[in-house]
Amino acid sequence: MRVAVITLAAGRARHLRLQQDGLAAGARTPDHYVVVSMSDPAVHEVVAGRQPAAETVTVPLSAAGRLPLAAARNAGAKRALAAGAELLVFLDVDCVPGEHMLARYADTARADALLCGTVAYLPPPPREGYRLGTISRLASPHPGRPAPAKTEVIRSGDHRLFWSLSFAVTAGTWRKVGGFCEDYTGYGGEDTDFALTAATRGVDLWWVGGAPAYHQYHPVSRPPVEHLDDILRNGALFKGRWGTWPMEGWLHHFADLGLVVHESHSDNWYKTRDARQADHERGRPG
């Protein structure tokens, strides 16, 4: 089975290099490594001349300057399929693959299933950076997702728990689902939309043991207030397509901060007057 790994990059050079090192050190290495640059001209130089050899594809930012995550994944898949990929493995740029991740995905690959391995969130790195030989001992799999044993596969998973940090699909399954909806730009919503589309087309969700990835530390906001506009915009798009809101946990956190309000009769979320005024004072569209 010809296996392609697809990752998206905009910045995060150090994280991308360690991912590439992790792929090179794996029990199985990718037949094709596609790195999609989202308007970051430095990406090609980051991966050039290193193993596994990487092909870079460039996708522009959206018209509003937002990261085109859905369109970039589709572009990476298109390039990999054109080169003969039979299994597409999507790996977030922050994620380092475990030694047997690709081998387990390939061994488990079946048509009509989304394959998801575990992801462990690493603590901040030591001064010298993470070491491939020790990262598996630094953190346990995220508690919000199933964590099957090394040889276990949990079938019939909840599609709303799907995330795009680490997953694999056969070429046939990718074509059946139809890729990611490119109406989503910026942070959030597109991965749950992809999973629900898969569910409506008869594609199961499997949690694959023994296929770990390790998410490298970077500072985050909780809740992610810098992504408030994206979450409201993409959430409304999702609501229009599926009838419910995604990312409701974040929305309730924003409400606690006085940034958004829920209108019960329409089941819609809006920025509060104070949040719009703050945007206006910062010269941002409200």
Side-chain angles (χ1 to χ4, degrees), residues 3-38 40 42-56 67 69 72-73 76 80 87-109 115-150 162-169 191 207-220:
V3 177
V5 173
I6 300 161
T7 194
L8 319 181
R12 299 274 209 275
R14 186 176 181 181
H15 289 194
L16 179 58
R17 287 192 188 98
L18 189 61
Q19 178 188 101
Q20 193 174 16
D21 291 342
L23 290 169
R28 174 168 186 162
T29 57
D31 300 290
H32 192 188
Y33 183 31
V34 182
V35 181
V36 184
S37 164
M38 295 179 290
D40 181 354
V43 165
H44 178 75
E45 295 179 8
V46 171
V47 296
R50 308 177 79 247
Q51 294 299 318
E55 178 180 8
T56 55
L67 290 177
L69 301 174
R73 290 195 191 98
L87 182 68
L88 305 177
V89 177
F90 292 83
L91 195 60
D92 188 270
V93 69
D94 295 322
C95 286
V96 182
E99 180 182 0
H100 297 284
M101 187 195 79
L102 287 189
R104 278 291 288 160
Y105 274 148
D107 290 345
T108 312
L115 309 176
C116 296
T118 60
V119 177
Y121 277 75
L122 299 173
R127 181 172 298 178
E128 66 275 14
Y130 298 114
R131 295 185 182 277
L132 289 177
T134 62
I135 59 173
S136 64
R137 300 195 293 269
L138 296 179
S140 299
H142 192 284
R145 299 295 188 279
K150 286 185 178 180
F162 171 84
W163 55 10
S164 53
L165 294 173
S166 173
F167 76 99
V169 288
D191 45 2
W207 294 99
V208 180
Y214 303 94
H215 188 282
Q216 302 171 74
Y217 174 84
H218 60 79
V220 296

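Note that the numbering runs from 1 along the sequence shown for the chain. Bear in mind the structure is a predicted one, so any value in this text is a computation, not a measurement. Computed over heavy atoms, backbone and side chain alike; hydrogens, waters and symmetry mates excluded.
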Do the side chains of [Y] and [X] get nearer than 4.5 Å, heavy atoms only?
X	Y	value
Val43	Val46	no
Val3	Arg28	yes
Phe162	Asp191	yes
Arg137	Ile135	no
Phe167	Leu88	no

- Message: One pair to check against side chain to side chain contact (heavy atoms under 4.5 Å, CB included): His215 and Leu165. What are the steps and the verdict?
- Response: CA-CA 8 Å; His215 188 282; Leu165 294 173; 4.1 Å; yes
- Message: By the salt bridge (charged side-chain N to carboxylate O under 4.0 Å, His left out) test, which pairs, at least two apart or in different chains, include something from residues 141-150?
- Response: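 Listed by first then second residue: nothing to list.
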- Checking side chain to side chain contact (heavy atoms under 4.5 Å, CB included) for the pair Gln216/Val96: CA distance, chi angles, key distance, verdict? CA-CA 7 Å; Gln216 302 171 74; Val96 182; 3.5 Å; yes
- Message: Using only atom types and a distance under 3.5 Å, with no angle test, would you say the side chain of Thr134 pairs donor to acceptor with the backbone of Arg131?
- Response: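 Yes.
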- Task: Give a yes or no answer on whether the side chain of Tyr105 reaches the backbone of Gly117 with a donor-acceptor pair at less than 3.5 Å.
- Result: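 Side chain of Tyr105 to backbone of Gly117: a pair is present.
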- Residue among Val119, Leu115, Val89 satisfying side-chain contact (heavy atoms from CB on, under 4.5 Å) with Ser166: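 Result: among Val119, Leu115, Val89, Val119 is the only option passing the side-chain contact (heavy atoms from CB on, under 4.5 Å) with Ser166.
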- Task: May I have the step-by-step check of side chain to side chain contact (heavy atoms under 4.5 Å, CB included) for His142 and Thr118, ending in yes or no?
- Result: CA-CA 7 Å; His142 192 284; Thr118 60; over 6 Å; no
- Query: Does atom NE2 of His44 have more than 12 heavy-atom neighbours, drawn from other residues, nucleotides or ligands, at distances under 6.0 Å?
  - Reply: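 Check fails, neighbour count at 12 or below.
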- Item | Euclidean distance, Asp40 CG relative to Glu45 CD, rounded to 0.5 Å |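 Taking CD in Glu45 and CG in Asp40, the distance rounds to 9.5 Å.
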Can you give the donor-acceptor pairs under 3.5 Å from side chains of residues 4-27 to other protein atoms, not counting sequence neighbours?
unit_1: Thr7; atom_1: OG1; unit_2: Leu91; atom_2: O; d: 2.6
unit_1: Thr7; atom_1: OG1; unit_2: Val93; atom_2: N; d: 3.3
unit_1: Arg12; atom_1: NE; unit_2: Asp94; atom_2: OD1; d: 2.7
unit_1: Arg12; atom_1: NE; unit_2: Asp94; atom_2: OD2; d: 3.4
unit_1: Arg12; atom_1: NH2; unit_2: His218; atom_2: ND1; d: 3.4
unit_1: Arg12; atom_1: NH2; unit_2: His218; atom_2: NE2; d: 3.2
unit_1: His15; atom_1: ND1; unit_2: Asp94; atom_2: OD1; d: 2.7
unit_1: His15; atom_1: NE2; unit_2: Tyr217; atom_2: O; d: 3.4
unit_1: Gln19; atom_1: OE1; unit_2: Tyr33; atom_2: OH; d: 2.7
unit_1: Gln19; atom_1: NE2; unit_2: Asp92; atom_2: O; d: 2.8
unit_1: Gln19; atom_1: NE2; unit_2: Cys95; atom_2: O; d: 3.1
unit_1: Gln20; atom_1: OE1; unit_2: Arg50; atom_2: NH1; d: 2.6
unit_1: Gln20; atom_1: NE2; unit_2: Val47; atom_2: O; d: 3.3
unit_1: Gln20; atom_1: NE2; unit_2: Pro52; atom_2: O; d: 3.0
unit_1: Asp21; atom_1: OD1; unit_2: Arg50; atom_2: NH2; d: 2.6
unit_1: Asp21; atom_1: OD2; unit_2: Arg50; atom_2: NH2; d: 3.3

- Message: Which heavy atom of Arg104 sits nearest to which heavy atom of Ala211, and what is that distance?
- Response: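 Residues Arg104 and Ala211, closest heavy atoms: CB-CB, 3.9 Å.
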